[in-house]
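One structure is given here, and the rest of the page talks about it.
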2 protein chains.
Amino acid sequence: MEKSALQIARAAYQPKLPKALQGAVKIKEGQPTQSVGDQEEIKKLFPNTYGMPIVEFEPATEANTKKMNVGIILSGGQAPGGHNVITGLFDQIKKLNPENRLFGFILGPGGLVDHNYMELTKEIIDEYRNTGGFDMIGSGRTKLEKVDQFEKGLEIIRELDIKAIVIIGGDDSNTNACVLAEYYAAKQYGVQVIGCPKTIDGDLKNEQIETSFGFDTACKTYSELIGNIERDCNSARKYWHFIKVMGRSASHIALECALQTQPNICLISEEIEQKNMSLDDVVDYIANAVAVRAADGNNFGTVIIPEGVIEFIPAIKKLIAQLNDVLAMPEAKDLGRSEQIDFAKSHLTEENLAVFNSLPTSVARQLALDRDPHGNVQVSLIETEKLLSTMVAVKMEKMKKAGQYSGKFAAQHHFFGYEGRCAAPSNFDADYCYALGTSAAQLIANGKTGYMAIVKNTTAPAEQWIAGGVPITMMMNMERRNGEMKPVIRKALVELDGAPFKTFAAQRDDWAKNTAYIYPGPIQYWGPTEVCDQPTRTLALEQAK
Amino acid sequence: MEKSALQIARAAYQPKLPKALQGAVKIKEGQPTQSVGDQEEIKKLFPNTYGMPIVEFEPATEANTKKMNVGIILSGGQAPGGHNVITGLFDQIKKLNPENRLFGFILGPGGLVDHNYMELTKEIIDEYRNTGGFDMIGSGRTKLEKVDQFEKGLEIIRELDIKAIVIIGGDDSNTNACVLAEYYAAKQYGVQVIGCPKTIDGDLKNEQIETSFGFDTACKTYSELIGNIERDCNSARKYWHFIKVMGRSASHIALECALQTQPNICLISEEIEQKNMSLDDVVDYIANAVAVRAADGNNFGTVIIPEGVIEFIPAIKKLIAQLNDVLAMPEAKDLGRSEQIDFAKSHLTEENLAVFNSLPTSVARQLALDRDPHGNVQVSLIETEKLLSTMVAVKMEKMKKAGQYSGKFAAQHHFFGYEGRCAAPSNFDADYCYALGTSAAQLIANGKTGYMAIVKNTTAPAEQWIAGGVPITMMMNMERRNGEMKPVIRKALVELDGAPFKTFAAQRDDWAKNTAYIYPGPIQYWGPTEVCDQPTRTLALEQAK
């Protein structure tokens, strides 16, 4: 495997560990915990893993060196730092007992069910220290939720003499980790399951989890690019750049990038929903900023758009819901494409029809025709950045005719997602993930199951971080998913009364009118600590509260 | 102006200067020069600036400290390092004589004609050291080529007591710099004009100019992103990523990025033209690689596409030329959109009609309908990355039916241009540009005009770089532009017998079948020298010959 100079140099980086994880540990247990909602139901569903205490590691003189093999699974989308969770886990179990072995299940949870695995030896581990991507063992989206999967997994667990499985994933995968932990505990199989909080989207966080790993690196990578575009925008002074960033179910990435780069406009899906804005309202909001800047002679700007914004617009959400129902009707199945559109239109409520008719033709067609294998509208295929800029262009023409605007409007479009999910982890993510992996190893050695590894106090220097574990049930409530109530980890949306949003909201009018761009530049791994070791603005603002 | 931690820390970077530029210099003159082609015509057009020697700076004991004011112009697209040319120029003229003043013309060559300028003081200069973008004074695309522009410019030159104008631009802008130099020389106005080689495209280079500035930083930024995508691609193992990079008239960026990241496929426009490949040939080439990888179970890959590839396909080039002619016919003017397509089709040669009909409908429509203000087809609007992936998808279906392929094909698309043009310059570009600016100052102090500032031996440590100037006429030949023969700097295309292409060609079959990705990571400004101070692979390979 040929490597870049950075890959080679970066492999030598030794992630910083919290003091408490540097040697042997003992566990300090807190009070019994409760789930964040629906306590009775959750308790009933998780009789063996409910109510356990939060635990924290403290230095000790003796470690549990009893032999234990561990299995590791990467679940869902890539996030920078995943490999460092694995290397942290590997180093710690080997430190506890050199006989301990680590097995990686290939291409996600499916690897456990299909007995597709590889032993992760030192040679393999050393190839992946501080690297991005999940290519060491691959990831996958198979959901572990059925008894026959659990039983099939147990066969290989027994065969490899595995004491615990670590699942690195987002909210759904950690929910399933807990279901698996509960099942193995109920059956008294003696197999532990530990989760790890991963997602670049930043929507897996709460009182116990300060941030999910990967958010730091991904946002810094996107902010590098947004800053570069802002600088171009401010040099050429002739384009409005519409920049979509990943984040379907929450706008943390958009908000963090906005705090790092100070664009002229950033949409926050949660605010749009809360204010019950229509698509036209959103377009008007952007168009007004375009006009205000044009009046100052500035026919350029930058707009950050969270990927999921369309689904947060209440009127569109309603329209999509009805389209899903209407197009699922048996009479709709065998119609040709244009008849399908007519059929849909004739069955929409007056309100939804008006919204449908207000959309640009291409988007309306897409909503009515492109459906996923489950028959649902594929909202993710809509190029929101182009939809919005097209509608703004139309609006600017209208305003020009009405004498409310005299300027030029030309747009460029960008979408950043894959560009950042597999970036080499920042120092923060490299350290954070390595500590998470180390914590996971210690949770296992201390006999815990149904826990997520956590690291807190993360805006302090790594040495002072606090490591431990939190019962996954503590983060759960009941929510409706695909028509039935399920126990799930509550997703963290952008809080409109939280410090990050309020900091943004207090400045955005200034940013819209004036040009206040900040250019973060690329992630630096060496150099001054204020450049290399900063946490995200979101984390800093949340922890400062 | 609020700044990022990197902006603040990076401002303190002191660019490394070649030894010969560190103190006072004297000039070593070489032999008289000739233009690369059409010597007689060029000589006739440039009687005052033709045949001058190449010059090189050598350390001296005494400098020309006579007072001189200088004007600076940024021309054309942004490129990382432009600000450092200006800071290098500023520092050197101030060093020669603190009374010397630097004036920046605003928003490009138009600023000279319109007398739109600002004095660049130390306070302003210090804000922009080692930063990306052209926002210090802005850039523009006005072409300086008419006598009344030259005379209008002279007014402000006289008013500000300017001795010389430095024009930072690509091949066209430097050609025009020479035309201006010749005009002022012929008129004996005593105003010097010096050019500087800028373009991220890398197509302004020759025996004298090793590389144009900005190419290094832009390619490293794109390679960072391509590497990140490759890592994602290799982790998720389910998409083919079609990645278009800037470069309409040459494929240097695509080739450099390929050398840095080793994708499965990289198209090189110059090769496609030379081999007289059709669009179908290109699609077949990609489709075969998709099938070969699928046979190994690898339903993923990366394809790098130079922006201009469509225009290099001979059959498409012919079609576009005829479309431009046909649609310019008076009868075509007042037709509706669909009639225009019919009109075009009825006037195409049989050969061109066959090519037109082979294109996906949307692309054919775009070619026939979307025209620029001059009535020409807007090739740049074609989303080549989507066009190719759509055609590959169709081809894969055909191959599947023919039993030649059994796999899954799903594509993602990316276009990188604005993401890299204004990145903060790499150490290489920061040093190179600062040296170019310093050289420009010394060319002026030594009375030169019609020269381009150059820095050579750039794969050695900066200390050993060789600085000087080359007569712009030396790089010229006559070419047909918009119907008439003009003196122009010969554009450097990718040479198919050059070391960079040959190195790529020798390995690409391996890269196509196997997964040989390299992940360059983000540009580093601090850290190990092999990470921070590497030139591009193109430059290293070309200089190694």
Side-chain angles (χ1 to χ4, degrees), chain A residues 1-10 74 77-78 82 107 131-136 138-139 221 224-225 227-237 239 241 260-262 412 414-424 516 518-528 530-532 534, chain B residues 1-10 74 77-78 82 107 131-136 138-139 221 224-225 227-237 239 241 260-262 412 414-424 516 518-528 530-532 534:
Chain A
M1 176 150 93
E2 203 176 326
K3 290 181 180 169
S4 70
L6 181 75
Q7 283 177 272
I8 295 165
R10 184 67 179 158
L74 291 164
Q78 281 73 248
L107 285 171
T131 59
F134 280 4
D135 45 318
M136 187 200 291
S139 182
T221 303
E224 170 200 356
L225 302 180
N228 287 356
I229 289 169
E230 285 180 339
R231 194 127 215 174
D232 204 297
C233 180
N234 195 22
S235 300
R237 304 183 199 175
Y239 291 120
H241 290 266
Q260 286 193 32
T261 63
Q262 302 192 169
Q412 296 287 344
H414 314 265
F415 172 39
F416 300 132
Y418 297 99
E419 290 74 4
R421 303 198 316 176
C422 285
I518 293 180
Y519 314 117
I523 291 175
Q524 296 296 301
Y525 302 106
W526 294 272
E530 72 274 15
V531 176
C532 299
Q534 285 306 299
Chain B
M1 180 151 87
E2 202 176 328
K3 289 180 181 171
S4 70
L6 180 75
Q7 284 176 273
I8 295 164
R10 185 68 179 157
L74 291 164
Q78 280 72 247
L107 285 172
T131 59
F134 280 5
D135 45 316
M136 188 200 291
S139 182
T221 302
E224 170 200 355
L225 302 180
N228 287 355
I229 289 169
E230 285 180 338
R231 193 124 215 175
D232 204 299
C233 181
N234 195 21
S235 300
R237 304 183 198 175
Y239 292 120
H241 290 266
Q260 285 192 32
T261 63
Q262 303 193 169
Q412 296 287 343
H414 314 265
F415 172 40
F416 299 134
Y418 297 97
E419 289 75 4
R421 303 197 317 176
C422 286
I518 293 181
Y519 314 117
I523 290 174
Q524 296 297 301
Y525 301 105
W526 294 272
E530 71 274 15
V531 177
C532 299
Q534 284 306 297

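Residue numbers begin at 1 in each chain, while the letters A, B, ... track the order of the sequences.
- Taking B:Ala424, B:Ala423, B:Cys532 one by one and counting their heavy-atom pairs under 4.5 Å with chain A, the maximum is reached by B:Ala423.
- With a 4.5 angstrom heavy-atom cutoff, A:Leu74 does not touch chain B via any of its atoms.
- When atom types are taken as modelled, the side chain of B:Glu2 and the backbone of A:Ala516 share no donor-acceptor pair closer than 3.5 angstrom.
- B:His414 meets the side chain to side chain donor-acceptor pair (under 3.5 Å) test with A:Glu419, B:His241; sequence neighbours excluded.
- Annotation: maximal heavy-atom pairing with chain B below 4.5 Å, among A:Gln412, A:Lys3, A:Glu530, occurs at A:Gln412.
- Judged by distance alone, with hydrogens and angles left aside, the side-chain atoms of A:Gln7 form no donor-acceptor pair with the main-chain N or O of B:Pro520 at under 3.5 Å.
- A heavy-atom distance below 4.5 Å is not found between the side chains of B:Asp135 and A:Asp232.
- Side-chain atoms of B:Pro522 and A:Leu6, non-hydrogen and from C-beta on, do get closer than 4.5 Å to each other.
- With a threshold of 4.5 angstrom between heavy atoms, B:Ile8 does not approach chain A through any atom at all.
- Scanning both residues, A:Gln78 and B:Ala236, for their nearest heavy atoms gives NE2-CB, 3.7 Å.
- Residue A:Thr221 touches chain B through its side chain alone, counting heavy-atom pairs closer than 4.5 Å.
- If you measure heavy-atom distances from A:Tyr239 to chain B, the contacts under 4.5 Å come from the side chain alone.
- Side-chain contact between A:Pro528 and B:Trp526 is present, with at least one heavy-atom pair separated by less than 4.5 Å.
- With contacts defined as side-chain heavy-atom distances shorter than 4.5 Å, the pair B:Ser235/A:Ser139 does not qualify.
- No other option in B:Gly420, B:Ala5, B:Gly132 has as many heavy-atom pairs under 4.5 Å with chain A as B:Gly132.
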*asked:* Working note: A:Arg10 + B:Val531, criterion side chain to side chain contact (heavy atoms under 4.5 Å, CB included); need CA distance, chi angles, decisive distance, verdict.
replied: CA-CA 10 Å; A:Arg10 184 67 179 158; B:Val531 177; over 6 Å; no
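- The backbone N or O of A:Ile518 sits nowhere less than 3.5 Å from a side-chain atom of B:Ser4 that would complete a donor-acceptor pair.
- Neither the backbone nor the side chain of A:Gln534 comes within less than 4.5 Å of any heavy atom of chain B.
- Looking at A:Tyr525 and B:Gln524, their side chains never bring a donor and an acceptor atom within 3.5 Å of each other.
- If you tally non-hydrogen atom pairs under 4.5 Å between each of B:Phe134, B:Tyr519, B:Phe416, B:Phe415 and chain A, the highest count goes to B:Tyr519.
- For chain B, no part of A:Gln260 is nearby; none of its heavy atoms comes within less than 4.5 Å.
- With contacts defined as side-chain heavy-atom distances shorter than 4.5 Å, the pair B:Arg421/A:Arg231 does not qualify.
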